[in-house]
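The next block holds one structure in the form of structure tokens; read it before the comments.
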Protein chains: 4
Amino acid sequence: MPRRYDPERRQRIIDAAIRVAEEQGIGALTHRVVARAADVPLGSTTYHFASLDDLLVAALRQVCGEAGTTVEGWTEYLDRDEPLADRIADLLRAYMDDERHGRVRMEYELYLAALRRPALSPVAAAWLDSTLDVLGRYTDPGTARTLSALIDGMLLQLLLTGRPFDRAAVRAELARVTGEQPAERPRTSDG
Amino acid sequence: MPRRYDPERRQRIIDAAIRVAEEQGIGALTHRVVARAADVPLGSTTYHFASLDDLLVAALRQVCGEAGTTVEGWTEYLDRDEPLADRIADLLRAYMDDERHGRVRMEYELYLAALRRPALSPVAAAWLDSTLDVLGRYTDPGTARTLSALIDGMLLQLLLTGRPFDRAAVRAELARVTGEQPAERPRTSDG
Amino acid sequence: MPRRYDPERRQRIIDAAIRVAEEQGIGALTHRVVARAADVPLGSTTYHFASLDDLLVAALRQVCGEAGTTVEGWTEYLDRDEPLADRIADLLRAYMDDERHGRVRMEYELYLAALRRPALSPVAAAWLDSTLDVLGRYTDPGTARTLSALIDGMLLQLLLTGRPFDRAAVRAELARVTGEQPAERPRTSDG
Amino acid sequence: MPRRYDPERRQRIIDAAIRVAEEQGIGALTHRVVARAADVPLGSTTYHFASLDDLLVAALRQVCGEAGTTVEGWTEYLDRDEPLADRIADLLRAYMDDERHGRVRMEYELYLAALRRPALSPVAAAWLDSTLDVLGRYTDPGTARTLSALIDGMLLQLLLTGRPFDRAAVRAELARVTGEQPAERPRTSDG
DNA sequence: GATGAATGAGAATTCATTCAT
DNA sequence: TATGAATGAATTCTCATTCAT
């Protein structure tokens with residue numbers, strides 16, 4: 001059953017890895033499982049990715065890249081004419097959409113995996129920086145940094161507790177950092 | 001005088017499991033590794049803990065329990081007479097001490113693991129709640145929740161990037177939530 | 001097909017390893033091959049011998065032990081009332097018997113394997129020492145050491161070239177070290 | 001001006017193979033490892049050497065050839081005006097120099113490999129013969145043969161035990177074969 | 001009760017070789 | 001001619017769990 005010469009083999013393996021991570025968790029990412037999901041022989045995965053870490057890095061990089069593309073989607077929310085807390089809250093609500101829940105969980109799994117896999121650290125750090133960049137376009141660097149940490153914490157806790165996304169609550173927490181009033185009359189006296 | 005039932009054995013296994021999880025990660029928790037670390041026969045670990053998950057849960061529950069004990073240590077910092085942001089910043093600095101680094105990392109690994117293992121969800125949730133409880137003694141619930149998320153995000157980002165703990169930066173981020181001025185009277189060389 | 005509780009399992013694995021090494025060479029010693037030869041499941045070999053090195057050490061140790069038992073056989077030759085060179089030559093002829101050729105080759109393979117496997121070094125060194133011991137019972141230490149090296153060199157070269165064992169030639173070489181005359185009239189004017 | 005046929009490529013692969021064999025052992029000789037060491041694409045090694053054995057033979061043949069060149073180095077020692085045992089002892093001391101240790105070990109690995117791989121037998125035999133040839137220029141054939149075996153045995157035992165080279169001891173053993181006095185005028189405390 | 005042995009599945013890798021280009 | 005890709009077999013080793021004693 002010869003299936004030689006498949007130029008997109010490598011890409012298909014990465015896609016399969018992301019799919020597996022999303023459906024079964026990062027712990028299920030093994031050469032075998034990925035090979036089966038990508039419908040390629042086992043040796044093919046190890047040929048293209050000498051080690052599992054290599055595959056993980058490629059997957060995380062792609063996830064970040066896709067999310068990076070989504071930055072366009074982000075600006076769709078962030079460019080609006082509202083208090084920043086509202087804009088981010090809307091963005092996060094869209095991000096944490098029920099449909100996307102599995103996806104986000106997987107993204108945090110890959111992200112947290114860097115805790116133990118040094119190979120992933122640079123990618124995770126790069127992702128963090130790009131997040132900071134985007135936020136930095138809409139506020140000062142200090143606020144951006146705080147918002148970034150707060151968002152990471154909030155999403156992680158949401159994922160952990162399984163509580164539904166509460167836009168008002170999230171908005172309120174963000175507003176504490178942006179200094180914006182809870183809702184209607186944005187007085188922005190904080191600077 | 002051979003004891004029929006040896007409760008210490010069980011405890012020793014748990015302690016070894018925690019040690020292993022701290023040093024090598026939750027992923028390294030296997031019957032064999034724990035048995036070796038506890039210096040007990042392999043069969044002993046499977047005897048006392050029917051499955052690996054049982055052992056993991058027992059270990060993490062104990063970690064949270066100890067952390068509860070540590071809450072005493074927390075209050076040592078939090079009961080002081082300073083702006084809350086300063087008190088928390090000092091607490092976190094102590095918490096992220098090099099020596100305790102492995103412990104903190106393990107706690108975030110617990111988060112990671114809980115994302116996929118239902119058995120761990122309650123443990124992670126309890127841990128989160130206990131954090132909220134403690135903070136709630138020193139501020140209103142809303143601020144406590146925001147601080148909790150912010151702290152989780154900051155620590156996670158610190159662990160991921162490997163950047164050193166910067167007390168001034170952390171203090172500044174916390175102050176944004178507590179609403180306290182960056183550093184009122186004490187003209188510390190904060191930068 | 002349960003075959004639980006087989007108290008001689010470990011020994012059978014060692015025996016199988018030796019058999020495999022003799023028939024197919026040390027390079028063919030793999031967990032799989034040995035398991036098949038011993039008629040045990042693959043996991044059984046790795047249970048009893050955590051690493052291949054462990055198995056090799058056990059095999060080499062046993063080979064030396066058996067040969068050590070053969071020391072009795074050695075004395076059968078060495079205790080005779082002849083010039084030492086003759087006694088050793090006869091011993092080596094018996095040792096290199098056609099039937100034993102594969103066995104000896106395997107012994108040298110295991111012996112030489114220590115060149116690259118530090119784990120085998122102590123066993124190889126012990127074997128060498130025991131050889132020295134035996135020879136030392138029949139001559140002075142210096143001669144014993146030289147004889148030991150000469151014998152190792154001769155046997156190795158014989159195995160390599162595949163030349164038949166030539167008792168007269170071997171005896172002559174040994175006599176150069178023992179200082180004994182080539183054959184009948186020992187004049188020993190050589191010093 | 002791309003050369004259709006690049007003989008240097010082939011040579012570079014052989015050199016890399018020798019380097020690998022010296023440093024990591026003959027067992028580490030694989031297409032991949034050699035290709036990496038030679039900094040050529042994997043396909044290049046299989047293109048120039050149809051099978052691994054071909055590469056191994058080419059490499060070892062070159063080693064022996066170089067050793068032939070080294071014979072010039074040998075004569076540097078052997079042509080001196082001293083007892084033969086001294087000359088050989090000095091030669092061996094230089095030969096077993098730390099720097100050359102890996103090379104010598106590889107030569108004995110060649111012996112080991114030749115025990116099972118017919119393709120290597122001629123190479124090993126040629127190496128042995130060249131040794132005999134050189135020695136034959138300085139003594140009678142019988143002594144040369146004995147010296148050759150003794151040297152092989154001594155070096156092998158030195159490599160196996162890891163003991164340091166002891167010139168006096170080696171000289172003494174050689175002298176037993178050459179018939180030269182242990183150390184004529186210099187009253188060494190040989191025991 | 002406690003445990004050493006057992007085992008089958010699966011882990012990550014490495015590999016020699018083939019082959020389409 | 002030269003080579004990157006492909007692949008199936010095999011490598012060592014780890015593992016959770018079961019079970020006879």
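By convention in this document, chain letters (A, B, ...) are assigned in the order of the sequence lines, proteins followed by strands, and residues within each chain are numbered from 1. Owing to the predicted nature of the structure, the values given are computational and were not obtained by experimental measurement.
Straight-line distance from the CG atom of D39(B) to the C1' atom of dT3(E): 14 Å, rounded to whole Å. Rounded to whole Å, atom P of dA5(F) lies 14 Å from atom CD of Q11(A). The separation between L56(C) atom CG and dT12(F) atom C1' is 13 Å, rounded to whole Å. One can place CG of D54(A) at 15 Å from C1' of dT14(E), the figure rounded to the nearest angstrom. Between the CD1 atom of I13(C) and the P atom of dA5(E) there is a distance of 12 Å, rounded to whole Å. Atom pair H48(A):NE2 and dA12(E):P shows a separation of 17 Å (rounding to whole Å applied). The separation between L42(C) atom CG and dA9(F) atom P is 17 Å, rounded to whole Å.
Residues G27(D) and T46(C) both approach DNA chain E. Their nearest nucleotides, taken by heavy-atom distance, put T46(C) toward the 5′ side. When the nearest nucleotides of DNA chain E are assigned to S44(B) and S51(A) by heavy-atom distance, the more 5′-ward of the two goes with S44(B).
R105(C) places a side-chain N or O within donor-acceptor distance of the main-chain N or O of L115(D), the cut-off being under 3.5 Å.
Minimum heavy-atom separation, L60(B) to L110(B): CD1-CD1, 3.1 Å.
Considering NE2 of H31(C) and OG of S44(C), their distance stands at 10.5 Å, rounded to 0.5 Å. Rounded to the nearest 0.5 Å, atoms CZ (R116(B)) and CE (M106(A)) are 8.5 Å apart. Here the straight-line distance linking atom OG1 of T161(B) with atom CG of L156(B) works out to 9.5 Å at 0.5 Å rounding. With rounding to the nearest 0.5 Å, the separation of CG in L112(D) from CG in L159(C) is 11.5 Å.
For dG1(E), one of the phosphate oxygens OP1 or OP2 lies less than 4.0 angstrom from a side-chain nitrogen or oxygen of Y47(B).
Residues from residues 28-38 of chain B with heavy atoms under 4.0 angstrom of DNA chain F, sorted by number: L29(B), T30(B), H31(B), R32(B).
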Would you check, one step at a time, whether the test side-chain contact (heavy atoms from CB on, under 4.5 Å) holds for L55(D) with H48(D)? CA-CA 8 Å; L55(D) 175 53; H48(D) 286 288; over 6 Å; no

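Checked against dT3(F), dT3(E), dA6(E), the side chain of R9(B) finds its nearest nucleotide in dT3(E).
Of the options E22(C), E23(C), E109(C), a salt bridge (charged side-chain N to carboxylate O under 4.0 Å, His left out) to R103(C) is made by E22(C) and by none of the others.
Other residues, nucleotides and ligands contribute at most 12 non-hydrogen atoms within 6.0 Å of the CZ atom of R61(C).
Consecutive pairing runs in DNA chain F reach the stem threshold at E:2-21 with F:2-21, where a stem means at least three Watson-Crick or G-U wobble pairs with distances under 3.5 Å.
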